[in-house]
Amino acid sequence: QLGPQYSSSKLPKMDFPRFDGDNPKLWITNCDDYFDMYSVEPHRWIQVATMNCKAATARWVQSLEPRIRQGSWADFCKLVMDRFGKNQYQQLIRRLFRIRQVTTVQDYIDRFSELVDELMAYARNTDPLFYAMCFMDGLREDIRNAVHMQQPQSFDAACALALLQEELLDTAKHKETRGPDPFSAHKFTTPKPLALPDKLDTPN
């Protein structure tokens, strides 16, 4: 079996993830993956991570430098989440309750899924029905009502029903705007013979 040092040397060199305060949970996960991938020694983790903080996060690191340097990686991660994670989690929750369908169902699903993926980093044990209800509340009214009636128990089920309802509505609308089929609307009939007068006037 190959050792970690050998296997890591065969990996393509990737830049360490930089941190600007956005999505701290994902950044910490990426840091852990980088340390594992390149076999970085644990006592260097904080130093490497703080060297890749920028803008406001770099100033925050500088203000807490003695405390950060003396703590463990777990302590550092907790400080990062306490400083940058709580506000972002609240912002994500607010966005979840405000997001609405403005164009197609697929576009709404894509935007809603991004929020769910970010929220899952903070609360993985959230009831699937919670996301399904929030998703349905943001649907266009004519689609929302039909999906609600089916009572989906998960976000994925609600998405499938919404897409189906949109397809049905589009099909019905297309039939209305297309108008009657000219070949079926006009029947070909044999012309009736002209009626002749009862008595022809003949010249004297």
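The closest side-chain heavy-atom distance from Asp32 to Ile28 is below 4.5 Å. You'll find the side chain of Arg67 reaches within 4.5 Å of the side chain of Leu79, heavy atoms only.
Residues passing the ring pair (Phe, Tyr, Trp, His ring centres under 6.0 Å) test with Phe76 are Trp73, sequence neighbours excluded. Take Asp75 and apply the side-chain hydrogen bond (donor to acceptor under 3.5 Å, both in side chains) test, not counting sequence neighbours, and it matches Ser72. Taking the side-chain hydrogen bond (donor to acceptor under 3.5 Å, both in side chains) definition, one finds that Asp15 meets it with nothing, sequence neighbours left out. Among residues two or more places apart in sequence or in another chain, the ring pair (Phe, Tyr, Trp, His ring centres under 6.0 Å) test is passed with Tyr89 by Tyr122. Evaluation of the side chain to side chain contact (heavy atoms under 4.5 Å, CB included) rule for Asp142 yields Arg140, Leu169 as partners, not counting sequence neighbours. Partners of Asp20 under the side chain to side chain contact (heavy atoms under 4.5 Å, CB included) rule, at least two apart in sequence or in another chain, are Asp22, Lys54. The side-chain hydrogen bond (donor to acceptor under 3.5 Å, both in side chains) search around Asp117 returns none, not counting sequence neighbours. Qualifying salt bridge (Lys or Arg N to Asp or Glu O under 4.0 Å) partners for Glu65, counting only residues two or more places apart in sequence or in other chains: Arg69. Partners of Thr29 under the side chain to side chain contact (heavy atoms under 4.5 Å, CB included) rule, at least two apart in sequence or in another chain, are Asp33. Every residue meeting the salt bridge (Lys or Arg N to Asp or Glu O under 4.0 Å) condition with Asp107, not counting sequence neighbours, appears here in chain and number order: Arg111.
Heavy-atom minimum distance, Met14 versus Tyr34: O-CE1, 3.2 Å. Of all heavy-atom pairs between Gly71 and Ile46, the closest is O-CD1, 3.3 Å. What you find for Pro152 and Leu161 is that their closest heavy atoms are CB-CD1, 3.9 Å. Smallest separation of non-hydrogen atoms from Trp60 and Arg83: NE1-CG, 3.5 Å. Heavy atoms only, all atoms of each residue included: Val147 and Ala158 are closest at CG1-O, 4.2 Å. When all heavy atoms of Gly21 and Thr57 are compared, the closest pair comes out as N-CG2, 3.2 Å.
Using a distance-only test at 3.5 Å, with no hydrogens or angles considered, a donor-acceptor pair links the side chain of Gln88 to the main chain of Asn23. Checked by atom type and distance alone, the side chain of Gln153 pairs as donor or acceptor with a backbone atom of Gln151 at under 3.5 Å. Looking only at distances, a side-chain donor or acceptor of Thr171 sits under 3.5 Å from a matching main-chain atom of Glu167. Gln165 places no side-chain N or O within donor-acceptor distance of the main-chain N or O of Ala146, the cut-off being under 3.5 Å.
With a 6.0 Å radius and a threshold of 12 heavy atoms from other residues, nucleotides or ligands, Gln106 has its CD atom above the threshold.
Residue Met149 shares its hydrophobic cluster (ILVMFWY side chains chained together at separations under 4.5 Å) with no other residue. Met51 belongs to no multi-residue hydrophobic cluster, having no ILVMFWY side-chain contact under 4.5 Å with any other such residue.
Each of Met37 and Leu26 belongs to its own hydrophobic cluster when Ile, Leu, Val, Met, Phe, Trp and Tyr are linked at side-chain heavy-atom distances under 4.5 angstrom. Residues Ile143 and Leu168 do not share a hydrophobic cluster, clusters being chains of Ile/Leu/Val/Met/Phe/Trp/Tyr side chains in contact below 4.5 Å. Taking hydrophobic clusters as Ile, Leu, Val, Met, Phe, Trp and Tyr residues chained together by side-chain heavy-atom distances below 4.5 Å, Leu92 shares a cluster with Phe97.
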* Take Asn87 and Gln91 through the side chain to side chain donor-acceptor pair (under 3.5 Å) test and state the conclusion after the steps. => CA-CA 6 Å; Asn87 290 339; Gln91 291 174 4; over 6 Å; no
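Here Gln150 contributes atom CD and Met136 contributes atom CE; the two are 10.5 Å apart, rounded to the nearest 0.5 Å.
Within the cation-pi definition used here (under 6.0 Å to the ring centroid, within 45° of the axis), Lys25 does not qualify as a partner of Phe84.
The ring of Tyr108 has its center closer than 6.0 angstrom to the ring center of Phe135. Between Tyr38 and Phe16, a ring centre-to-centre spacing not shorter than 6.0 Å is recorded.
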